Structure formats: C-alpha cells, structure tokens
Amino acid sequence: MKKYAEYKHFDLTEIAKEIREFWKEDNTFEKSIETRKNAPPFVFYEGPPSANGKPGIHHVMSRTIKDIFCRYKTLCGYRVDRKAGWDTHGLPVEISVEKLLGITKDDIGEHISVEEYNKTCRREVMKYKDLWGELTEEMGYWIDLDNPYITFDNKYIETVWYLLATLHEKGLLYKGYTIQPYSPAAGTGLSTHELNQPGCYKDVKDTSVTAQFKVQKDEKSQFLFDKTDTDIFLLAWTTTPWTLASNTALAVGSGIKYAVVKTFNQYTGKPITVILAKDLLHTFFNEKNKDLKLEDYRKGDKNIPFEVIAELDGKALEGLRYEQLIPWIEPMGDAFRVILGDYVTTDEGTGIVHIAPTFGADDDRVAKIAGIAPLHLIDKDGHKRPMVDLSGKFFTLEDLDEDFIKNYVNKDAYAEYAGRYVKNDYNESLPEDAPILDVDLAVMLKQNNQAFKIEKYVHSYPHCWRTDKPILYYPMDSWFIKTTDYKERMLELNNTINWKPSSTGQGRFGNWLENLVDWNLSRSRYWGIPLPIWVTEDKKEQKCIGSVSGLKEEINRAVEAGVMNSNPLEHFDPGNMEQENYDRIDLHRPYVDDIVLVSDTGKKMFRETDLIDVWFDSGSMPYAQLHYPFENKENIDNKFPADFIAEGVDQTRGWFFTLHAIATMIFDNVAYKNVVSNGLVLDKEGNKMSKRLGNAIDPFENMSTYGPDATRWYMVTNAQPWDNLKFDPAGVDEIRKKFFGTLYNTYSFFALYANIDGFNYEEKEIPHSERPELDRWIISELNTMVRNVKTNMDDYEPTKAGRIIQKFVYDYLSNWYVRLSRRRFWKGEYTSDKVSAYQTLYKCLETVAILMAPISPFFSDKLFRDLNEASGRHHVSSVHLVDFPKVMEEKTDKDLEERMQLAQQISSQVLSLRKKAGIRVRQPLNKIMIPSASAKLKTQLEKVEDLIKAEVNIKNIEFLTESSGVLVKKIKPNFKSLGPKYGKLMKQITKAFNEMRQEDIEKLENEGSFTFTIEGRQIEIGSEDAEIITEDIPGLAVSTMNNLTVALDLTITESLKQEGIARELINRIQNIRKEKGFDVTDEIDVEILQNDTLKNTVANNFSYICSETLAKNLSLEDSLNESQAEQIELEEGLATMIKVNKV
RNA sequence: AGUCCCGUAGCUCAGUCGGUUAGAGCGCUACACUGAUAAUGUAGAGGUCCGCAGUUCAAGUCUGCGCGGGACUACCA
C-alpha cells in the first residue's frame, strides 16, 4: 500500500530544488503546453529584458505576476505559449561598452572601427544571460528560453524593417527636427541620459533682459490704445538674450490676469504703457511708488511712478500683433503674434513668455500648434538653419544664401552681430575680457527704448559632461513617425483595454495619448537597428526597404547601374527561411552604411545614418518574434493580439505605448487586451533600492534563504501589484513560517493518521448529505473559496486571490476544521465518519494545492504529488497539469457558513469569559444562555450546539426568548435606516434613544413600534430602526459581540468539579503515556494512590477515564511502590501518585 | 512643472453603498493547551485614520487646498 510521505523537517528551499529537478526530468513545462495543444490559445507576450544588466528582486516581482496568470490560464484549459525574448540594442549597452573599452562616442569610427565596436556590443549585451537563466529557473518562471526572440537577429530586424516600410508607405514617416540638447564645443547632440549625469547642472550667472515688445496699432488692439496715449509694450523676460533675435511669438496663459500699466522707461525716461501678469507687478514696481503722480516724474528720478489703468485675461491678449524686436531677419511665415501657452506661469518673469521656436522645445511645440513660423535662415547649401550654426555662433553673411540675404535679411543691422558666438565659452580663442554678446544686445535694446529691465541672474543650467561647456537647445534633424495622425484611434482602442489598475490606463496612459507628439525615431548611435531609408543627395528621392530580399534586389540594380561593385548580400537566398541563411548576412552598421542604391532616376542613394529608437524594437515584438509576415503569416490570429501582458508601471510610456502605437497604426487593433502594470520594489524603509546605498536585495540569496515560494507568495499577497512594495525579508520569513508552515503541518497531521488507518481514497465518496455538519461546512467554505479565487484571478487580482487562500488555510482549515476534527482522526474504528473526515481533509488539501499553484508553483506541486502518490486520484504527474476545480454551488450553504461563524464567535466569547473568571477549559461548566434569540438564530445555533459545547466544555445552551425582567437591555439607533428618513433630526433622535427606559425598550420589542415626540413631531420607530442588545444578566458573566450576547453560568457543582478533576487525571495519564513513548494504540494498566476526593471522582467517571486513555485496568490503591510511581498534581492542593504500564 | 500611485496600531496591510465601538497578521506582554508539539489557542496593551477646509443629520470613506514618499514625462522664459 502506498503511504503518504512524512517528513522530519520542513525546508521550502529543499522542496523547490527537488521539484525543479523533477520538472526537468518530467518535462512538465512542455507537457503543460503539449496537453493543451488543441485548446484555445491564451496569448501572452514577454517584455524583453536586457541581459546587459544583472537581474534584481524587482524582476522576480514582475515575472511572478506574468507567471501566475500564464499558469492559471493553463489550469483553466488554455494553451499558453510563452516565448522568451532579449532586448539587445540601445544606449545602456553602448554606454557600458564605452566604459569597458575606455572610449567615448567620438572615438567610435576614429580609434575603434564601428565593426569592432558593434562586435563588442553584441557580445556584451548577453553578458548576464546565464544569470538570467538561473533566475528564471530558480524562481519557477515558466518561459521558453530555448527559442527566444532576439532583437539583433536578422529575422527580427527584417520584420522591423517591414513595419517601418509599411509606415513609410502610409506616409507616416517624415524627416523633421526637434529641439535637443546640443554641445557646440563637442559638436554633438546629447541624450537626456547624458544630461542627467551628476554635475551637469551648474549655477551660472547670465544677463537677463525684460524686453519691451511694441504692440501694433490695429483693430484688434484698438481697445488698449483707447486707454492710453503712449506706445504699448508687452513685457517678456529671458535669460538668453541672444535668442531674442529669433523671437517669433509671445505666449500668455489663458488663466492668468494681466495688468496694463502706465509708467516710464527707467533707462530712457520715455512714457510707456506696459502689459504684464498682475501677480508679478510687485517684482517690477515698488509698492512705495504707487501714490506718485505720473506728471511729477522727471527723467533720471529713482522712484518711478506707475498707474494700473486696466486688467484683462490672457485670452483678451491672444491674437495681438507686435513689431519684431530685433529686425535683422524676416521670418518666412506668420509671426509676431500673441498666442496661448499651456505652460505659462507667474512664478518668474512677466507672465508673458518669449518664444523662439528654433531654440526651445516648448517654444517649438506651442508655436507649431498656433501656426507660428520659426525664424529660419537659408545657408549656402540651401538648407534651412537656425540663426546659430553648429559651432555656436550667429551665421556669417558669407555662409548664407545670396537670394535669401536679398529677400529676408536686414544686412546693415545684422552685419554688426553676424559671426558672434552666443556664449564666449564656445570660442577658445576669445580673451577672458572679450565683449559678451548678451551684454551688447542688452545695451542695444536699452538704447532703443526696448529694454524694461536688465539684471544679472543666477540659475541652474545644463553643461556638457565632456567639455564642461554650457549646452545649447538646438534643432536637430530627426526622422519621425506621425503618431499624431492616429491619436484619436489610439484613444479609442485604449478604452477597450483592461488596465490594472484602471487609473494607469485612463490617467497616466490616457493623458499621455491626449498630449501625443510625433514619435522621434532617430538615434545617432551605432549599435541598433539601422533606419532602412536611402535618400538621394538632393533629398528629392527616398526608398524605404521592407525586406532583405527587397534590399538584395535594389543592390543588384545598383550594381547594374555601376553604383556598387558587388552585392554584399550575394550569399543570401531569398525565400529561404533557414536561420543559417539569415546568419550569412549582417544588417547592422557599418555594413548597411556601405550600401549605395540607385534611384529611379539613376541617382546615387545613401542611407540615412540614424538608427531607430530601441523602443521601436521592443514594440515590434508581437510580429518580429514570429518573423511576420515572412513566416507565420497565416496563424498570426492565434498570436495577436495578446490576451495578457505585464510589466512595471515605468513601461507605461515605454513598451506599453510602443506596442499600442504600432498595433494601432499598422493593424488597427490593440496589441494587448489585459495589462497589469506593477509598482516598484522598494526596501523595507520605502527607499528605492540601489547598489550604491547597499540596500538592494539579492534575489538569489533571498530565494535560497526562504525558498522561492515564500518570496513569490510574499510579493503577491503583501501589497497589490500596482502599489509599491516595501520589501522586508522578515516578511518573507513570516510567510514561510506562518502560511507554508501551517499548510505543511496540516498535511503532516493528515499523513500521520491516514497512514495509520491506511486511507488511500479507495472508498466511495461519502454522500454529501451523510457527512457531518463540520465536513459539510468546510466543503462549503472550500467551494466559496474556489469561486472567489476564480473571480479574482479572472479579474487579474492576484493579491486578493492569495489572501483568500491564506484566510481559508489559517482560519477555516487549520484553526477550526482540523482542531475540531482531531479526535475523529485518531479515535475509534475506521467508520464512515472517519472516512468522511479523511475524504474531506484530503479534498481541502488537494484543492488548496491547485488554487495556490500559480502563485507558489513548487510547494503546491510537492503537496499535490505527495497526496496523489498515495491516492492516485489524478493520472498526471504535476499539479500544473490538472484542471482548475469546478465550483460546486450545490455544496455551498450560506446558512451553514453563517452558523459556523456564530459557533466560532460564541466559542471565542465563552473562552474570553472563562479567562476573566479564571476557570480553565478542562473544568466543565453547566450552561451558557443566549438571550433575545430570534427564531432564525435559534435554529441556526441548535445545529452547531454540539460543536460549541465540546469546544468550550459546557453542558447546555439555553435560549432566552421572553423578556423576563432580569435582563438589562440597551438600545441603539440604526443609523442606516433612520438617517435617510429623518436627516437633520438624527441628533435628537439619538438623544431620545439614549433616554429610553427598560420599559420603553420592552414596549418596542413587544409591540414592534415606539413613538418619540421631537420638536412637536411624532416619530414612530419600528423594530427595524433599532438594535437591542442585552447588556447584563445579573449573576452571570456576560459578553456581547456583533449584537450577540452570551451569558455564562459560572456555578461549579460537585459533579462538575469531579468531572473536571477526572479530565485532569486523563490529561496526566496521557502525558505519562507520551513520556514513556507508548504507541497511540497501546492499552495500559493504571494504578492510583487513592484519597477521598479521588475515590468519588474515579467512581463517577470510571468508563470515561478508561476509554479516553485506553486503560484496560484502572484501580485505586492504598499504597504504591514509589520507585515505579510518579507524583502528579491534579489541581492546586490535590496531589497523588500514579503508576502507568503497558498491558 | 504636469500626470498618476501611496499615506490607517511599533511594522506590513484590510476597511463594501458615507451609518456612530476602525479590523487582521507580525512584534510586544501575560496566560492556556499538550494525541498537530520546532505545532496550536486565548487575552491585554497599542490609533491625531498625514494636515486644513468644505459637502452631509453623519466622513477613514466624497470634494477642494496643502504636506510627505514614490514613479513617469517635460525641462522652462
């Protein structure tokens, strides 16, 4: 006969190791997919991690979430394919390689060839692949690591190219510019990543100018001129005066109040009228001067009078036109208009913002929206340029296009400043005391009555980390995807996605979509997917390549045209999908850069040197992992869109977005139907984990200390996935001891007795109706649990599901069912009651094992296999291959659950009363009384009476239904029912309730209604409107909880006393049995040294004592041989000697 | 700066539709039990529900404004 495995000690780490090895041997993961081969698919996408960094504890978090639902859906009968993936491109890899090689970006192509550099990247990016593999295995994350998608693979790149070509065909790819940090000293653009290096932001002292922009007098501005007789100026502040020459607009805030102020220019003494934010008046005008008369002012006076002559909303200023401040160059398009800017504040400056679209990202954005032209120059090559060249100086006239100068440039005015560096830092040859452009411009404005205020201003400004020179925000060429064209559709589709939590979807993600800008695809780096776009030198013709075979054909044409000598893709065999074929080529730089194509008109075409944003790589994974459409074209419907994805909330604008954008633009579909975004894993103090602070948790160490199951269970049940998790190893240990320990104990208990009785689940199921109350109860709770776990798992709420399982195991199964059923397992013959107990407990353990399997895959499998090994109920090797339990609604019984709840509560109350009275539980007591019991309550309690009696060791339960005068009652208003009816009167009604006398309460009880008079109004209350509880029963110990009162009779009669002592005696005998190591089935002889108390006690409880202790003979003796006897004390002052021997 | 999340006992977290005694586990203290024993149970202490204002008969719960922690995005005259 097969036995249930029994263990000496409990070690979760050991269990995990054993099960892990078993899975390998058994191919359990493969089986879990194979056995569902023809089942409906549940599509899951793995967000690719980068193996360039070591995995951390937060990866255990997100992968646990992923694993849970994949395993759960497998149990529910779906086929869940899980392809791993690796993110291999991007800046982090490049930076780490630069560090490794001790080079900078500038060295690439100079001191090290691109070829060699990229080779290093390819190698480095997989540096920690093995470590990731270990983590995956040790934490029990089931994913197919043998066939991963890899973003640097040529097949992967080909699909990405296909997607880009599709976008190009739809006209969604275009070349534009963005304002990016640029270092003129280094001659290179900087990424935000580089800008965030420590020490990049430094305090600098700049000349700041509050400039006066002269309002044009026209129909629109007439209302302003009606109020004053001077010129009217809009005030705008800047810390970079050199950008004023590129100003093309002014922005005001629609919610900001502006003041129109009549005053004088402090430098020229001229009377002027200026407009600025009302809130900022005090920074420009001294409150002390407000009573000065305008007409008393003389040029040169220190105190300048001012008068607010009007106030208006920002909206009223919109559309005003003004004269160009520094009229050197004429813009090509609409300009010099007041527009609304969403980001305008009154924290600093004037509340009116100077807009130079060529030198500010925000400026560029609001100007585009308002249709304002940027100030462009045309250089000798015919290119549009900003006013500053790449070396950081104003363009010289020689470098500009002649026609352009003729038509747009005020040569005389500009000539004075052309060629000047905007920051002296950019020109090493300038002496320290060289004139500063900003200062010269300020002086010029001052003289022209265009400067309202000039001062030095200290602020923090980013510097280039390589040259230490200030950076410039500068327009750089970039390729864009016109995502804005699909904004509405993306929003629409987003509404169909089930976000967990929903706030991330509607809030963070929704808002992001609302404010969508075009996707900047360009990265001027080396290691990444090259942009497959070839352009003629005159920029007039483009080709976007969408496949390797397409590229091969184009090259062949180029070779024919004599543009290329040979075809580097010569050995590539179009149409052959073998990996080997694809490994013959390399689509990375520098090889693609060497490819020159020929245009339809016969011109040479060169590749645009940019790489694409790595986020496009990962966003393409639904298709690229399948090499779609080159392979898997037919079964894409089974793989797209995903039913479920999960990643950290930091991916909202990363992977979640790129998946969504590409799916919307190309497939007009969502990429995923359900998405869980989990929060951060912080240390136990709530700080971010970092290697620097030394507070990072090593996932391997944690899992080997506490076991992966405990780690996973802790992470899932401690906080909702989307809340940040404060990770405390002590909490993991608590889970290990409490949850898994309890479950292990419960199993051990079962195994111990099942093995003794030879229970193998061979008997027929005891019919539900024939099982005892307690069994039917736990089965009811079990089914309720299954239903609730299923509901929550279906709703992607693993935390709630886990907590429900926990509650069942602790409160219902261990603390109540097993504790109350213990006797049934070890007492008596192998009756049907015993079989029922075994079947019931077995069923509970088995079901719990299945329900917890997604969260704690190792322990659950161990538990399941130990059970199944002996019973053979399931013909599968693992818990992960069974079907999720069906809810048997017919076996749930709400009344039963409720009355067991009552039994627990009453037991707890009685135990508490015993405690207070100092009467131990072994001392039987006569009765408890429950007053004011409704008929329902009474029927309910009668069914659990025996349980309560046994649990708290009392003889009887009495129900007091009639209100005999002995009960002292208390009444409380039912706010929920009275509140809506009486509203404001509630305070007085509460008072009236408090003043009710015992007779009043009885009247309400007996007649079902009672009437108050409040403010002359008759208030009739019914029994629904009040809660009546018994506060006290004279002479008895009373406890009230949840409107239920229990009174305990503390009287101990002689016979109760004797019974109590008999129990003590039994207890001592049992102890001795145990001490002596008797088997639980051994029969014994007992001799006791008698005394008067014992004589009656034993006589009156003789058979009870014998049956409890398996005593064949029990005798009272006048003397005992002391050497074989033991001294026992039955209670304070009652001691004797006893001899216990095996028969 | 914007968007989002979080703030309840020493710690980690529940708290339904707003309903008057705010709960659990751990930890701490005291005890009980001893055929689950490296197990189990009971009781006790412990609260400015982050603050202020508002709505309401009634606010931990709803609204507004703050404070603190965190994330993402943008970096600003």
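So that the names make sense, note that chain A is the first sequence line, chain B the second, and so on, each numbered from 1. These numbers come from a predicted model, not from an experiment.
The side chain of A:Lys726 contributes an N or O atom lying less than 4.0 Å from OP1 or OP2 of B:rU12. Dashed line: the shortest gap from a side-chain N or O of A:Ser677 to OP1 or OP2 of B:rC72 is not under 4.0 Å.
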Give the table of side-chain donor-acceptor pairs shorter than 3.5 Å for residues 717-725 of chain A, with sequence neighbours excluded, one pair per line with atom names and distance.
unit_1: A:Thr717; atom_1: OG1; unit_2: A:Trp713; atom_2: O; d: 2.8
unit_1: A:Asn724; atom_1: OD1; unit_2: A:Leu680; atom_2: N; d: 2.9

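Along RNA chain B, the nucleotide closest to A:Thr1109 and the one closest to A:Thr239 are compared, and the more 5′ of them pairs with A:Thr1109. Closest-nucleotide positions on RNA chain B for A:Arg922 and A:Thr504 were compared, and the one nearer the 5' end corresponds to A:Thr504.
What separates CH2 of A:Trp655 from P of B:rC72 is a distance of 18 Å, to the nearest Å. Atoms CZ (A:Phe656) and P (B:rU3) sit 22 Å apart, rounded to a whole Å. Taking atom CZ of residue A:Arg736 and atom P of nucleotide B:rG25, one finds them 20 Å apart after rounding to whole Å. When the P atom of B:rA36 is taken as reference, atom OH of A:Tyr4 falls 19 Å away, rounded to whole Å. Put simply, CZ on A:Arg914 is 13 Å from C1' on B:rC33, counting in whole angstrom units. One can place CG of A:Asn678 at 20 Å from P of B:rC4, the figure rounded to the nearest angstrom. Whole-Å rounding puts the A:Asp733 CG to B:rU12 P distance at 17 Å. As a whole-Å value, the separation of A:Ile735 CD1 from B:rA24 P is 18 Å.
The C1' atoms of B:rG70 and B:rU63 are separated by 24 Å, rounded to the nearest whole Å. Separation of the C1' atoms belonging to B:rU42 and B:rC5 is 40 Å when rounded to the nearest angstrom. Only the P atoms considered, B:rU8 is 11 Å distant from B:rU48, to the nearest whole Å. On the C1' atoms, B:rG18 is 6 Å away from B:rU61, given to the nearest whole Å. Taking atom P on both nucleotides, B:rA14 is separated from B:rA30 by 32 Å, rounded to a whole Å. B:rG44 and B:rG23 have their P atoms separated by 12 Å, with the value rounded to a whole Å. Taking atom C1' on both nucleotides, B:rC17 is separated from B:rG27 by 35 Å, rounded to a whole Å. The same atom, P, is picked in B:rA1 and in B:rC65; the two are 14 Å apart, to the nearest Å.
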Where do N or O atoms of nucleotides 37-41 of chain B meet protein N or O atoms at under 3.5 Å, pair by pair?
unit_1: B:rA39; atom_1: O3'; unit_2: A:Asn745; atom_2: ND2; d: 3.4
unit_1: B:rA39; atom_1: O2'; unit_2: A:Asn745; atom_2: ND2; d: 3.3

Contacts under 3.5 Å, N or O only, protein and nucleotides 14-22 of chain B:
unit_1: B:rA14; atom_1: O5'; unit_2: A:Arg803; atom_2: NH1; d: 3.2

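A side-chain N or O of A:Asp1025 and one of A:Ser977 form a donor-acceptor pair less than 3.5 Å apart. Neither side chain, A:Gln923 nor A:Asn953, offers a donor N or O lying under 3.5 Å from an acceptor on the other. Counted by atom type alone, A:Gln909 and A:Gln905 present one or more donor-acceptor pairs between their side chains at under 3.5 Å. Side chains of A:Tyr322 and A:Asn247: a donor on one and an acceptor on the other come within 3.5 Å. Residues A:Asp613 and A:Trp519 bring a donor and an acceptor atom of their side chains to less than 3.5 Å of each other.
Among the atoms of the strands shown, base atoms are found under 4.0 Å from some heavy atom of A:Val818.
Evaluated for a salt bridge (charged side-chain N to carboxylate O under 4.0 Å, His left out) with A:Glu951, the options A:Arg819, A:Arg822, A:Arg914 yield exactly one hit, A:Arg819.
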- [ ] Verify side chain to side chain donor-acceptor pair (under 3.5 Å) between A:Thr207 and A:Lys456, making sure each step is shown before the conclusion.
- [x] CA-CA 5 Å; A:Thr207 304; A:Lys456 291 284 178 196; 3.1 Å; yes

Task: Test log, rule salt bridge (charged side-chain N to carboxylate O under 4.0 Å, His left out), inputs A:Lys1142 and A:Glu1083 - done: CA-CA 6 Å; A:Lys1142 248 194 260 192; A:Glu1083 296 193 314; over 6 Å; no

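The pair A:Glu1108-A:Arg823 meets the salt-bridge criterion, since a charged nitrogen lies less than 4.0 angstrom from a carboxylate oxygen.
Set against B:rC76, B:rC26, B:rC33, the side chain of A:Glu734 has B:rC26 as its closest nucleotide. Distances from the side chain of A:Asn724 to the nucleotides B:rG35, B:rG70, B:rC33 place B:rG70 closest.
Both distances falling under 3.5 Å, in either a Watson-Crick or a G-U wobble arrangement, place B:rC31 opposite B:rG41. Across all strands shown, the partner of B:rU3 is B:rA71, judged by Watson-Crick or G-U wobble contacts whose two distances both fall under 3.5 Å. Remark: B:rC26 base-pairs with B:rG10; criterion is Watson-Crick or G-U wobble with both hydrogen-bond distances under 3.5 Å.
Because its NZ or CZ atom is both nearer than 6.0 Å to the ring centre of A:Tyr810 and within 45° of the ring axis, A:Lys738 counts as a cation-pi partner of that residue.
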